[in-house]
Every structure is written in structure tokens, then in C-alpha cells.
Protein chains: 4
Amino acid sequence: MAGVNKVILVGNLGSDPEIKYLEGDNAVANFSIATTEAYKNRNGERVEQTEWHDLEMWGAQAKIAEQYLKKGSQIYVEGKLKTDKWQDEQGQNRYRTKIRVLSFTMLGGKPDGATSGSPSATPQATQQKPASAAPTAAPKAQEMVTDAEDDDLPF
Amino acid sequence: MAGVNKVILVGNLGSDPEIKYLEGDNAVANFSIATTEAYKNRNGERVEQTEWHDLEMWGAQAKIAEQYLKKGSQIYVEGKLKTDKWQDEQGQNRYRTKIRVLSFTMLGGKPDGATSGSPSATPQATQQKPASAAPTAAPKAQEMVTDAEDDDLPF
Amino acid sequence: MAGVNKVILVGNLGSDPEIKYLEGDNAVANFSIATTEAYKNRNGERVEQTEWHDLEMWGAQAKIAEQYLKKGSQIYVEGKLKTDKWQDEQGQNRYRTKIRVLSFTMLGGKPDGATSGSPSATPQATQQKPASAAPTAAPKAQEMVTDAEDDDLPF
Amino acid sequence: MAGVNKVILVGNLGSDPEIKYLEGDNAVANFSIATTEAYKNRNGERVEQTEWHDLEMWGAQAKIAEQYLKKGSQIYVEGKLKTDKWQDEQGQNRYRTKIRVLSFTMLGGKPDGATSGSPSATPQATQQKPASAAPTAAPKAQEMVTDAEDDDLPF
DNA sequence: TTTT
DNA sequence: TTTT
């Protein structure tokens, strides 16, 4: 029963996070990151291999992602694998694996477009975001952002 | 472009490894392991959540897996995520994520059926395995088994 | 400022945990685990290299360690590095690095001496342990044991 | 006997790497990186805790470190713990723990002073470096740099 | 000794 | 499909 299910990634966002606000001031963010590996093949040629990973963040994390992460951002991510399995209309098994993020941190220098060097410089409000989600004393994405709710919400 | 793509698992095999021997004395092993997480829900009830992970091992690793791992074995695994994407007959995107194992080690005490405490005590030959695959000086699964070919074969 | 400080170990206890009970029902457990690596040297001889790691656990974790872990137990550990630095009487810098455990889980089959297969079968009370530390509904060490207090006590 | 001894760090160099060239074109690089953790204490005040880690790299890795890493660089590091133990003149046990780096990658955008965005743009030769160490087709530090020699040199 |  |  003892189990360890851990994923560690360093990669770049393929697009801005997509965030959905749910009842009770909850939120989910979804986005993909690419990890690229370079190696030499048998002919000594350099080859690049890119792998895409679907990430999912919940709650405060999602809101921070919305504020600070965007297409191209480089992040360190720690999470766990979750595979959804269902049957399609043809009765065939379908699978989709994503990484439920437990903590992440932004890497690299100032985010692009930041003027002061602080990532909190440009918290862009979005129409879609209800007032209650206003980031009062939000941590910054350059600190480790952990998922407080993981204990009782392991979905 | 810098990338890290790392998975760390501790879990139990759901079935014996399936091994396929390929041309040139190469081999692949496939099997799944379960990681189980226990937590308390909002009502204070204990809930278990099991996640299944599809593993793939190549070369010498695959042969060691065949020899030493079986249904129920507990292993520590380190690897990387690889997602296959293709289109089915309906033209829909299909995905399947597996873990390409880079190293693993057997956990726990003596493997079942071992008399001396050494896992190398019972290298059972199988019909399916060609002679060339005979484990001459095979490492044991209770040591760390690494994938020597990973450098130029990152498929 | 973004930082990651993570240690992952699988090893065996060199001795029973030493536990100290502190004011306010707090507790610390200290013990070492060995990780052994086997490799072939230039002459093709098999060499074993053992590394010892000093672990420190706090609070409920420490109590669980006291209950379930003993000399020889195999565990998976996740934690962070902490180095104490001080000056000795000669004014020389002295260093000691330990791993502050954030979560751990027992590996392998039934713990030695367990009759029913449940590790909770033998919660041995010790003289040294104050009554208040009695494990009412203690988690088992074969589940992942996490350090709830890590957030505001990162010493 | 199965063992896992793994360290994962993301931090910043406290100083330029110190490299020593040895016989046979071998080389070692030593330097420290800081990992900083921020948390709120009981009074709700934000506290920062910095941990310093001593890293050691060998061979080609050391040469790449010399070329591309400098004070302040942010890196992702994977390695293993190694503790030296000896007795000082007073006969007391002394310990020093370092991380033997197995792979690393530079994080963040273009290195400071790079014009083209390629870190290989400024391979500064140093007096101390023998000709044989000239980086002919050196990997870049923004790719994963692995320690090829680890298999038979686990010191 | 770094970084924000 | 595992394990406790």
C-alpha cells in the first residue's frame, strides 16, 4: 500500500494558462509545458525530442498561475500522475494522463514585460475572474507555491 | 530548452512483466504498477485512491525484469514520461502515456521462492527467451538497474 | 529566490530511532540510514559503497518512527538538506548535514515480528514516552507519513 | 542493499566555480549554491531561510561549469550525497557533506552578457586551463549535462 | 557566498 | 491488475 507517485518537471508553457472559476471561489488552471531533450543519434547528429505534459492546478495555485505564468514561462513543477480512463461512443477504452501539480516555482529572471523586476508588478485582472478571487496577499510564483488542499482533495 | 522530465514511483506490479524479444538480441518489457494513496475525506472517512502506471523497459533491464519481477513485486522506479499521440479511425486524437524506465530496484525482503536470500538464486529460463538472452553476468534487481542505452535511444 | 531543496532516499536503518520528547507534547526522532551502491571498478571487480545519512523527524512523524521503524527497516524518505555550522573551541568551522524528513513510508513486507501482518499490531509503549504521546489514531508507517508542521517550522 | 541516494536542487551559485585540472585531462569543479525558502512564522511574519550546498562536478561537466556558470547563475542539479568523515588533530570526528553532481542544466534566459542568446557565444579561455581541455564540441549548459563517468568512478 |  |  505504501506508494510514491511523483513527477518533477522543468519546462516552458506552450500557452497561457486556462483558468476556470468554480462555485465556492474555487478555481482550476490547465496548461501544457514542454520538456526538450537533446541527444546524438547513431550517426552523430544532434536530435531534439520534445515531450508535452498536461498540468492541472487547483485553488490558490490556479490563481497564481493565472497571474504570473504565461506562454513561454519556465517553471519547476512537482506533482503526481493522474490518468483518466473512460469509454468512448465505440465502447473503446480511452486514456488521458495529466499531472496534478502539488508545488511549482517560476524560474529564470524577471518575467518578460515586467518593468520593476517584480512579478507582482502586473497582476492583470480578467473579466472572467470574480471579485472574490482578487489576490489580496498572494504569494509570488517565484516562491514555491504549494497546494494546501491536497490532503483532502486528491482528485 | 533546458528540460527535466522525471518520474519517481514506488508501487506493486499488477501482473508479471510481458517481454518481447526483438531482432538483434534487444528486448522490451511492459507492465503496470499501482501506487495507492490513503487520505481522509471531508467526513473523516479513510479513502484509498489507486493510480495505475504503464511502464516500459528496454534491453538488459527488460531481461532482468523478466527474471526477477512478478505480479505483486514492489519496486522503486525512476523514468521519464512519454506520451504517444495518434489518430484513430474516426480521426480523433488518441493519447497514451507511459513511463520509460531509466532505473529501478526491487524493494522489500527476499523475493518469494528464494531460498538463500539472493534473487540470483532462481534465474528461471523461459521457452520464449532466445538463447542469446541468457543472463551471463546479469545484475540483480535488488541493485539499481540502469538503462545503459538511454543516451542514444530516447524513444 | 525560487529554490528547490529535495532529497530522496531508499535505505535501511542502521539502528533503532532515538526519540526525545520535548515540552508541549512535541518529539524529535533521529537515526541514520544506509544507501548502498554497487558498481564495477576498472578491473571489473564488484565494489560496494555505502553512504550513511542522518535523518531527523519531528512531531507525529517522530512518534510513528518510534513505533514502527527499527534497525534494519527499509524506508523511502523525502526531505530537505539542512547543514548546521558552528565554531568549535579551536575556532574552526564545523559542519554537520542532516536530512529533515518531510515524508516517509515503510517498504517491504510485514515488519519483522509482526504476527497479523499489520504494523499496528505491536505499539510498544516505552517508559520514556509521556502518556500524552499515546498513539490514539496514528497513521501507519506503511502509508505515506507527512510532516504537517513543515509550513511554519522549517528549522 | 537496494539503495536510492538522490538530491534535486534549484538554486543560485554563490561564487564562480573553482576548477582544478588534474592529470590525464581530468578536472573537478567545486562551488556552492543557495536554496532559499520563504515561510510565515507564528506571528505571520515572512521569514527567509537560506541553505548552502557544496557541489562537486567531474570531467567534462566540470569544464562546462567553468565555461558557462558563474556567480549568481541559477541551475537545476541532480546528484547524490557524499559525506567525508575524518579525524582532526584532536582526534574528533569531523564531517563534511557535499553533493556529487550527476547532471545539471542552466535555468532562466540568456546568460548575462550573451548577445545572441546562445551560451556558447562566450567561451572564455582561461590561463589555467590546459590546451587539451579546449571545448571542441562541448554540450551547452542549457542542455542537460550528465556525468558519463559516474559508472566506474563513484567517489 | 546567491537570488527576489 | 497490485499492495495493506
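Atoms considered below: every heavy atom in the structure, side chains included; atoms not considered: hydrogens, waters and symmetry mates. Letters go in sequence order (proteins before strands), and every chain restarts at 1.
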Protein-nucleotide distance ([X], atom [atom1]; [N], atom [atom2]), rounded to Å:
{"X": "B/Phe31", "N": "F/dT2", "atom1": "CZ", "atom2": "P", "value": "15 Å"}
{"X": "D/Ile33", "N": "E/dT1", "atom1": "CD1", "atom2": "P", "value": "17 Å"}
{"X": "B/Lys70", "N": "F/dT3", "atom1": "NZ", "atom2": "C1'", "value": "14 Å"}
{"X": "B/Phe104", "N": "F/dT2", "atom1": "CZ", "atom2": "P", "value": "21 Å"}
{"X": "B/Leu9", "N": "F/dT3", "atom1": "CG", "atom2": "P", "value": "17 Å"}
{"X": "D/Asn12", "N": "E/dT3", "atom1": "CG", "atom2": "P", "value": "6 Å"}
{"X": "D/Asp16", "N": "E/dT1", "atom1": "CG", "atom2": "P", "value": "15 Å"}
{"X": "A/Asn5", "N": "F/dT3", "atom1": "CG", "atom2": "P", "value": "18 Å"}

| What nucleic acid atoms does B/Thr50 come within less than 4.0 Å of, heavy atoms only: base, sugar-phosphate, or nothing? |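 Base contact - B/Thr50 has a heavy atom under 4.0 Å of at least one base atom.
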
| Results of salt bridge (charged side-chain N to carboxylate O under 4.0 Å, His left out) for C/Asp88 - residues two or more places apart only |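 C/Asp88 satisfies salt bridge (charged side-chain N to carboxylate O under 4.0 Å, His left out) with C/Arg94 only.
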
| query | Distance-only, no hydrogens or angles: does the A/Gln142 side chain make a donor-acceptor pair with backbone N or O of A/Gly108 under 3.5 Å? | reply |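 Checking the backbone N and O of A/Gly108 against the side chain of A/Gln142, a donor-acceptor pair under 3.5 Å is found.
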
| said: Between B/Asn41 (side chain only) and B/Asn43 (backbone N and O only), is there a donor and an acceptor less than 3.5 Å apart? | reply: yes

| said: Taking donor-acceptor contacts at under 3.5 Å, does the side chain of B/Ser32 reach the base of F/dT2? | reply: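 Under the 3.5 Å cut-off, the side chain and the base do not form any donor-acceptor pair.
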
| Residue B/Thr36, side-chain heavy atoms: nucleotide from F/dT3, E/dT1, E/dT3 that is nearest |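 Looking only at heavy atoms from C-beta outward on B/Thr36, the closest nucleotide is F/dT3.
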
| Nearest to side-chain heavy atoms of B/Ala34, which nucleotide of E/dT2, E/dT1, F/dT2 | F/dT2

| field | D/Trp52-E/dT2 aromatic stacking (under 5.5 Å, under 30°) | value | no

| Is C/Lys70 close to C/Leu13 at the side-chain level, that is, under 4.5 Å between some pair of heavy atoms? |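 Not in contact.
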
